[in-house]
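A quick write-up on the structure given underneath.
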Amino acid sequence: MSKTAFIFPGQGSQTAGMGKDFYENSKTAKKVFDMASDLLSLDMRKLCFEKNDLLDQTEYTQAALVTVGMAAEQVLREWGVAADVTAGLSLGEYCAAASAGALSLEDAVMTVRKRGIYMEEAVPANKGAMAAVIGLTGEQIENVLEQLSNVWIANYNCPGQLVITGEKEAVRQAGEKLKEAGAKRVLPLNVSGPFHSPMMETAGKKLEQVLAGVTISDPFIPYVSNVTAAYVENAEEIKNLFVRQVSSSVRWQQSVETMIAAGTDTFIEIGPGKTLCGFLRRIDKTVRCLNVSTWEDAKKAAELFG
């Protein structure tokens with residue numbers, strides 16, 4: 001039986017102007033933007049629609065991407081496009097959980113705003129770094145990193161593309177070792193911290209206190225956890241997984257493989273950019289991926305799946 005997944009991108013996909021056409025064309029989307037602006041005391045339209053430096057700062061990026069992703073998701077649902085499972089890369093997991101009914105839109109936006117602030121505060125500026133590694137397997141990278149300290153795998157994105165994270169100098173040294181081991185390229189990422197590393201554990205502890213006051217429900221459809229790459233179907237485990245996710249590797253490739261193994265053959269990437277569809281082509285060329293980053297994309301998805 002054919003199954004459809006909603007998937008949501010993470011930091012790095014943000015661009016000036018994202019979500020503007022949804023805001024201008026849909027009262028439903030407008031309500032999401034206005035709610036986020038009021039809740040966070042931020043001008044979400046200015047943040048998302050206009051070119052600015054704040055979009056590169058994770059404390060703003062996370063709230064912006066969740067707002068844009070959920071505005072588009074609400075429009076798709078309004079038009080009858082439904083999912084059997086959801087998943088999101090890094091902060092996109094909050095969109096996935098909200099889309100699956102595990103937490104409210106308000107709590108998703110509020111929580112990722114605080115998550116972003118705590119992650120920004122966890123490590124002093126210029127002390128951490130991340131880099132994409134092209135052309136090696138996860139096992140090859142793991143073998144190299146075992147010989148080093150203060151550097152870890154942040155993301156298992158797709159075959160031949162992983163991300164490392166950690167102390168700035170350790171990431172640089174790891175990059176040299178990985179090139180010696182056969183990496184085609186090691187590309188520094190424009191991020192403000194060593195995300196998804198043990199250096200983020202203090203952020204996770206602060207986030208745990210926030211999540212203690214958030215109402216979590218059993219999702220009405222399952223979503224897939226970054227931490228375990230497994231289906232999440234009850235409320236009890238969600239808060240713990242959100243806390244662990246901040247300092248754990250994002251097992252995106254494994255998450256996609258989990259969904260495909262359970263019968264998912266159509267993926268709808270909701271949010272700016274086409275990063276996840278690109279990863280999907282590297283993971284399994286037999287499944288379909290449709291990107292919804294614009295109003296026209298949403299209309300096309302509604303025609304096909306609504």
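Remember, it's a predicted structure, so these values are computed and weren't measured experimentally.
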Q. Which atoms form the tightest heavy-atom contact between Gly271 and Ser293, and what is the distance?
A. O-CB, 3.1 Å
Q.
Within the structure provided, determine whether Gln253 and Pro159 are in side-chain contact (heavy-atom separation under 4.5 Å).
A. yes
Q: Might you work through the side chain to side chain contact (heavy atoms under 4.5 Å, CB included) test for Leu178 and Leu136, ending with a clear yes or no?
A: CA-CA 8 Å; Leu178 291 165; Leu136 293 179; 3.8 Å; yes
Q) Does any non-hydrogen side-chain atom of Asn52 lie less than 4.5 Å from one of Leu47? A) yes
Q | Working for side chain to side chain contact (heavy atoms under 4.5 Å, CB included), residues Arg288 and Phe267 | A | CA-CA 6 Å; Arg288 181 181 193 181; Phe267 293 80; over 6 Å; no
Q) Does any N or O in the side chain of Ser249 come within less than 3.5 Å of the main-chain N or O of Ile153, such that one atom is a donor and the other an acceptor? A) yes
Please tabulate, for the side chains in residues 216-232, all donor-acceptor contacts under 3.5 angstrom to protein atoms that are two or more places apart in sequence or on a different chain.
from   : atom 1 : to     : atom 2 : distance (Å)
Asp218 : OD1    : Ala235 : N      : 2.7
Ser225 : OG     : Val227 : N      : 3.0
Ser225 : OG     : Thr228 : N      : 3.4
Asn226 : OD1    : Ser90  : N      : 2.8
Asn226 : OD1    : Gln245 : NE2    : 3.1
Asn226 : ND2    : Gly88  : O      : 2.7
Asn226 : ND2    : Glu93  : OE1    : 3.2
Thr228 : OG1    : Ala230 : N      : 3.2

Q: Could you tell me the separation between the CG atom of Leu207 and the CD1 atom of Ile117, rounded to the nearest 0.5 Å?
A: 11.5 Å
Q) Do Ile164 and Leu145 come within less than 4.5 Å of each other through their side chains, counting heavy atoms only? A) yes
Q. Any donor and acceptor pair, going by atom type alone, linking the side chain of Asn155 with main-chain N or O of Asn157 inside 3.5 Å?
A. no
Q) Applying the 4.5 Å side-chain criterion to the ILVMFWY set and letting contacts propagate, would Leu290 and Leu280 be lumped into a single cluster? A) no
(Q) Could you check whether atom NZ of Lys239 has more than 12 heavy atoms from other residues, nucleotides or ligands sitting under 6.0 Å from it? (A) yes
Q. Is the backbone of Ser248 close enough, under 3.5 Å, to the side chain of His196 for a donor and an acceptor to pair up by distance?
A. yes
Q. Can you name the side chain to side chain contact (heavy atoms under 4.5 Å, CB included) partners of Gln14, sequence neighbours left out?
A. Gln11, Met18, Leu55, Asp56, Thr61, Leu65
Q. Side chains of Asn126 and Lys168: closer than 4.5 Å at any heavy-atom pair?
A. yes
Q.
Is there a path of hydrophobic side-chain contacts, each under 4.5 Å between heavy atoms of I/L/V/M/F/W/Y residues, joining Val68 to Val32?
A. yes
Q: Apply side chain to side chain contact (heavy atoms under 4.5 Å, CB included) to the pair Gln62 and Arg115, showing each step before the final yes or no.
A: CA-CA 8 Å; Gln62 298 196 27; Arg115 177 182 184 266; 2.6 Å; yes
Q | Ile141 reachable from Val250 in the ILVMFWY side-chain graph, under 4.5 Å edges | A | no
(Q) Please check: side-chain N/O of Thr111 versus main-chain N/O of Ala108, any donor-acceptor pairing under 3.5 Å? (A) no
Q) How far does CH2 of Trp152 sit from CD of Glu146, to the nearest 0.5 angstrom? A) 14.0 Å
Q.
How close do Ala64 and Met44 get, counting heavy atoms only, and between which atoms?
A. CA-SD, 3.9 Å
Q. Do side-chain atoms of Glu120 reach the backbone of Thr58 as a donor and acceptor pair under 3.5 angstrom?
A. yes
(Q) Once rounded to the nearest 0.5 Å, what's the spacing between atom CH2 of Trp295 and atom CG of Asp21? (A) 8.0 Å
Q) Excluding sequence neighbours, so at least two apart, what forms side chain to side chain contact (heavy atoms under 4.5 Å, CB included) with Lys30? A) Tyr23, Asp34
Q: Please collect all side chain to side chain donor-acceptor pair (under 3.5 Å) contacts where either partner lies in residues 129-144, sequence neighbours excluded, each pair once.
A: Thr137-Gln140, Glu142-Tyr156
Q) What pairs of residues pass the side chain to side chain donor-acceptor pair (under 3.5 Å) test when at least one of them lies in residues 71-86, not counting sequence neighbours? A) Thr28-Glu78, Glu73-Arg77, Glu73-Ser99, Arg77-Ser99
Q. Is there side-chain contact between Trp252 and Ile7, with at least one heavy-atom pair below 4.5 Å?
A. yes
(Q) Would you compute the distance between atom CE of Met70 and atom CD of Glu106 and round it to the nearest 0.5 angstrom? (A) 10.5 Å
Q. Hey, any chance Phe305 and Val287 share a hydrophobic cluster, counting ILVMFWY side chains that come within less than 4.5 Å of each other, even indirectly?
A. no
Q. Is any side-chain heavy atom of Ile283 closer than 4.5 Å to a side-chain heavy atom of Glu257?
A. yes
Q) When you look at Thr4 and Thr264, which way does the side chain to side chain contact (heavy atoms under 4.5 Å, CB included) test go after all the steps? A) CA-CA 6 Å; Thr4 298; Thr264 301; 6.0 Å; no
Q) Of the non-hydrogen atoms in Leu103 and Tyr94, which two are nearest, and what is the gap between them? A) CD2-O, 4.1 Å
Q. Is any side-chain N of the basic residue among Lys299 and Glu296 closer than 4.0 Å to the acidic one's carboxylate O?
A. yes
**Q.** Heavy-atom closest pair, residues Ala36 and Val109
**A.** CB-CG1, 4.0 Å
(Q) Main chain of Leu42, side chain of Ser37: is a donor-acceptor contact present, judged purely on distance under 3.5 Å? (A) yes
**Q.** salt_bridge(Arg172, Glu169) N-O dist < 4.0 Å
**A.** yes
(Q) Once rounded to the nearest 0.5 Å, what's the spacing between atom CG of Leu211 and atom NZ of Lys114? (A) 10.0 Å
Q) Does the distance from a Lys or Arg side-chain N to an Asp or Glu carboxylate O, for Arg113 and Glu59, drop under 4.0 Å? A) yes
Q. Same hydrophobic cluster for Ile260 and Phe6, using side-chain heavy-atom links shorter than 4.5 Å among ILVMFWY?
A. no
Q. Shortest non-hydrogen contact from Pro9 to Pro272?
A. CG-O, 4.0 Å
(Q) Measuring only between side-chain heavy atoms, which start at C-beta, is Phe195 closer than 4.5 Å to Val163? (A) no
Q. Could you give the distance from CG (Asn150) to NZ (Lys127), rounded to the nearest 0.5 Å?
A. 12.5 Å
Q) Hey, are the side chains of Lys177 and Gln147 touching, using non-hydrogen atoms and a 4.5 Å cut-off? A) no
Q) Considering all heavy atoms of both residues, which atom of Thr165 and which atom of Met130 are nearest to each other, and what is their separation? A) OG1-CG, 3.6 Å
Q. In terms of heavy-atom contacts, does CD of Glu233 have more than 12 from other residues, nucleotides or ligands at under 6.0 Å?
A. yes
Q) Under the side chain to side chain contact (heavy atoms under 4.5 Å, CB included) test, which residues partner Thr202, sequence neighbours left out? A) Ala122
